[in-house]
Amino acid sequence: SSSSSPPPLSSSSTPPLSLSSSPQPPPLSPPLPNPHLPPPGMHTSISEILKEKPLNPSRRSLPCLAQNQIHPQSLSHVLSMPCTPDDKPQTPVGLGSDAVKDHYGEESEAVKDHYGEESEAVKDHYGEESEASAYKAGRTDKTFLIQKPAIRAKLEARGTNPGQPSGLMFRDGKKRIDYILVYRKSSPLVEKRVTFERNLRAEGLMLEKVPSLTNTDIMFVKIHVPWDTLCKYAEQMNIRMPFRKKMYFTDWKSKVMRRQIKSWLPSNPMKLDKEALPDLEETDCYTAPFSRARMHHFTINNRQTFFSNSTRSRIVHHVLQRTKYEDGKSKMGINRLLGNGTYEAAFPPHEGGYRSRHPINTHGAQNHRHLLYERWARWGMWYKYQPLDLIRRYFGEKIGLYFAWLGWYTGMLIPAALVGLFVFLYGLFTMDTSQVSKEICEANTTIMCPMCEQNCKPWKLSDSCVYAKVTHLFDNGGTVFFAIFMAIWATVFLEFWKRRRAELTYDWDLIDWEEEEENLRPQFEAKYSRLERVNHISGKPEPFQPFTDKLSRLMISVSGIFFMISLVLTAVFAVVVFRLIAMEKFASIDWEFVKKNWQFATSGTGVCINFMIIMSLNVVYEKVAYLLTNLEHPRTESEWENSFALKMFLFQFVNLNSSTFYIAFFLGRFAGRPGKYNKLFNRWRLEECHPSGCLIDLCLQMGVIMVLKQIWNNFMELGYPLLQNWWSRRKMKRTESKERTGGGQNVENKVQLPQWDKDWNLQPMNAHGLVDEYLEMVLQFGFITIFVAAFPLAPLLALLNNIIEIRLDAYKFVTQWRRPMPARATDIGIWHGILEGIGVLAVITNAFVIAITSDYIPRFVYAFRYGPCVDKRYPQDECLRGYMNSSLSVFDMGERWNVSEEQSRYCRYRDYRASPWSPVPYDFTLQFWHVLAARLAFIIVFEHLVFGVKSFIAYLIPDMPKSLCDRMRREKYLTQEMMYEAELEHLQKERKMNCRRYHHEWP
């Protein structure tokens, strides 16, 4: 652009866009007033907006190319929408008389189109009235019923610009569609809908109705936001917009050196190609809250792309939430109309199809949705970084933050997975050389006591050789190190996520964004409409919930939570009873393979039954959580979402981990001893641990549930929407085949359907928003941290699952779901506090798992107190020689089993008790008390050590990088300076235009 300033505007009350004192076109007489339209005091009409004085950008404001880089170059011929008459870009500087002529032509066309829009609004208004009266009379308006798809397609094709994508514009091919409302013509709530749409027009929105091509009962209402309405609500919502390019002080020597070093290094294959993604060019511009009075500060190169699609959708949603449909304080908002059936759906449209006949590398992307599919949602991009800026631009900051957190969590799993894999490989390589495993495999003469009361015989310890070797894979010397590492890893992950979130909020211009005061939930307003008090923020009276009512409802909700938790414990108890019964059956079965591996069979079947119970109860928990949350009557949607998320987490966390806690801390602890076993209901003997420990049962429980749950979740996330969309397409084809058979006309193919019809046939986003997505990942985070000492491969399985999860969620958002309303957020909400709580719980549980569940402490006590290394008779690697004999006690089974042979009179069992020939038979030995004291001491030392390290690391890592703090301070300073300079220059230009002399004076 030229360096000279744009032509000045006159300060007198001349029509807008005038460049000089040349004669203006004669004004047109306004149309006759319509008595049915709203009174002029309710809103600002377009004619009044046209009288406002437009402001040109300041000469000092450097052009910010963000608006020109929104679309790739390959999209220019498809997505560069022709400006509406009132949306023409400002006249460039330095144009001649031809530009002036074109300017006058544009101005006259703007006036003509303005009255054309007014007449269209009148027609639409009368159409609404006639529709309402026709419905009341019990007749169907034939203008809304098109019998044959071919005729519908012809009518749709009228007025459509062939150069524009189908389904993204109004019939005139100029106004883009910013939002879609869907309703049924058979709905009896016509008056509410007519009033609501009339008030939407009064707010400045433009509406256009069109019937569905796939269902004669469905009608679509297309919504467009004109430029003046966008500016008005952008100012009300304090939307920050760019006004000048950022300037940085750069050390050019270091910058050139970094470039040279990068040129020598090989390129990172995980990075996205910027040439393939021109949308990822940084929009480095200073931003400020939009203001119509200071519009000259902002760089508006193209009015169509100045406000992004997500911003336009947010503005429409803001209007829809605050528009009335009846008289009354609470009779407003699209949510209420969706709840009572006035409208079937409300959503922003996708930007077109996500597939193309031509390759993207040669022909470019058709639209942002196609670009997201090719560079993000496609399975071939599984190893690439996510285009977070493009995700945020298309779906909004809230969904962008979810995928940023998911990507950060997945990246942080890489070191955890590598360390866990190293611990597992260490156990695998030392499995055959382990002293404990060798003693068990060589114990051919050691007779173990029977495992059940009936039909069970004594067995040899060497029969469990495989079981002992598998146990060593997960219970070895690296277990303690890995538990400490994962506790520190959880802290580092959360602290570095805070820094990453701060960088994203800065890049996405969310630092100074404050969440606007939320609207009350319609259910809350309906319940407490008679009780009002003044809101301290807005200063307006609003319904409120008395403290006693809130407390009573909260107590009922808490009681319901405890009842559901008790139901979980009941299910766990049922699984325990099943394991006791299955243990006796498998131990006495005739099948030799099962009889020999009865512990694997018992644990495996118990885990599978437990998984089925978990997935069944999850369905019940979701309904109960929904019911309890509605019973509390939260005030706003965010309070409802936080309350629902907390309940869902508590239910599913207890449901998923209760059986795991039983196996980790209760299995085999209260079994008793031979001759004096503890029995459940005096019938079933409690389950014992294997002579090599109980950790293998815990490992099997975690591995099976984790793998099965991930497979099930992935199917429900992608497979279920695919089946639903397939069924919808199948019903459409059946309907079209019937119409083709009856009418003899060719049916429109789905490719030729407009975009609103395609989006209507997609599945809506989950009603709970991102709760289910976060819940799945948070439960996984608990699974890989709380019991990670028992299953070192958990981070590796989580990493593989998350690589698939990112592409599944991307594919689901881009192809299977309607486009959600782009919402803003600065963090992940309540989930961050839940993650911190899980990190604290993980330290405690891992300390107990190592001390109580594993055999690390008994082996440690034996090696340094009772083993051969005490008197240095053996090398260091043989300190555990004789450990198995020391950990097994002796029982005299001669009297009970009528054993006559001396060599088989005694059997061994796992415990630290005195022999039957000692002065106090079967009493606890001194070694038992030594092991118990060592376990308690380890728990205390481990917890204090790990908590101290976690706190120290959290103190060392600031929540915001220092460089980012400095950039924010400098940006704030430069923003104030530039705003002042731009305002000063604007005032000086106005004085020049008014021919006022000034001699370097301040305004």
Between [X] and [Y], ring centroids under 6.0 Å:
X: F493; Y: F781; result: yes
X: W489; Y: F485; result: no
X: W227; Y: F307; result: yes
X: F403; Y: F395; result: no

Between [Y] and [X], is there a side-chain heavy-atom distance shorter than 4.5 Å?
X: L320; Y: Y179; value: yes
X: M960; Y: Y506; value: no
X: L413; Y: I784; value: yes
X: V771; Y: F649; value: no
X: Y402; Y: D809; value: yes
X: Y233; Y: V316; value: no
X: F942; Y: V946; value: yes

Any sub-3.5 Å donor-acceptor pair from [X]'s side-chain atoms to [Y]'s backbone N or O?
X: R375; Y: M381; value: no
X: E495; Y: T491; value: no
X: T845; Y: I786; value: yes
X: S951; Y: G948; value: no
X: R312; Y: V225; value: yes
X: R819; Y: Y394; value: yes
X: H317; Y: P348; value: no
X: R322; Y: H318; value: yes
X: N846; Y: T785; value: yes
X: T505; Y: A502; value: yes

Do NZ/NE/NH1/NH2 and the carboxylate oxygens of [X] and [Y] come within less than 4.0 Å?
X: K812; Y: E805; value: no
X: R392; Y: D389; value: no
X: R369; Y: E351; value: no
X: R240; Y: E235; value: no
X: R501; Y: D827; value: no

So, taking the atom named [atom1] in [X] and the one named [atom2] in [Y], what distance separates them when rounded to the nearest 0.5 Å?
X: W508; Y: E503; atom1: CH2; atom2: CD; result: 12.0 Å
X: H368; Y: I391; atom1: NE2; atom2: CD1; result: 13.0 Å
X: L779; Y: I838; atom1: CG; atom2: CD1; result: 7.0 Å
X: L388; Y: D507; atom1: CG; atom2: CG; result: 10.0 Å
X: I488; Y: L945; atom1: CD1; atom2: CG; result: 7.5 Å
X: I828; Y: K398; atom1: CD1; atom2: NZ; result: 12.0 Å

(request) Report the relative orientation of the aromatic rings in Y373 and Y811; use parallel for angles under 30°, tilted for 30 to 60°, perpendicular for over 60°. (result)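 Rings of Y373 and Y811: tilted, 30 to 60°.
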(request) Show your reasoning for whether side-chain hydrogen bond (donor to acceptor under 3.5 Å, both in side chains) applies to N309 and R393. (result) CA-CA 8 Å; N309 288 343; R393 190 178 299 163; over 6 Å; no
(message) Checking T311 against S308: is there a side-chain donor and acceptor pair closer than 3.5 Å?
(response)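 Checked: S308/T311 side chains pair up, N/O donor to acceptor below 3.5 Å.
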(request) Identify the heavy atoms of W497 and L401 that sit nearest to each other, and give their distance. (result)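 So the minimum-distance heavy-atom pair works out to CH2-O, 4.1 Å.
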(request) Take M295 and F290, measure what side chain to side chain contact (heavy atoms under 4.5 Å, CB included) needs, and give me the verdict at the end. (result) CA-CA 8 Å; M295 196 179 296; F290 185 80; 4.0 Å; yes
(request) For a side-chain contact (heavy atoms from CB on, under 4.5 Å) with Y409, tell me which candidate from L799, V778, L835, N802 qualifies. (result)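 Considering L799, V778, L835, N802, a side-chain contact (heavy atoms from CB on, under 4.5 Å) with Y409 is found only for N802.
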(request) Inspect the surroundings of NZ in K950 and state if more than 12 heavy atoms from other residues, nucleotides or ligands are less than 6.0 Å away. (result)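 Above 12, so yes.
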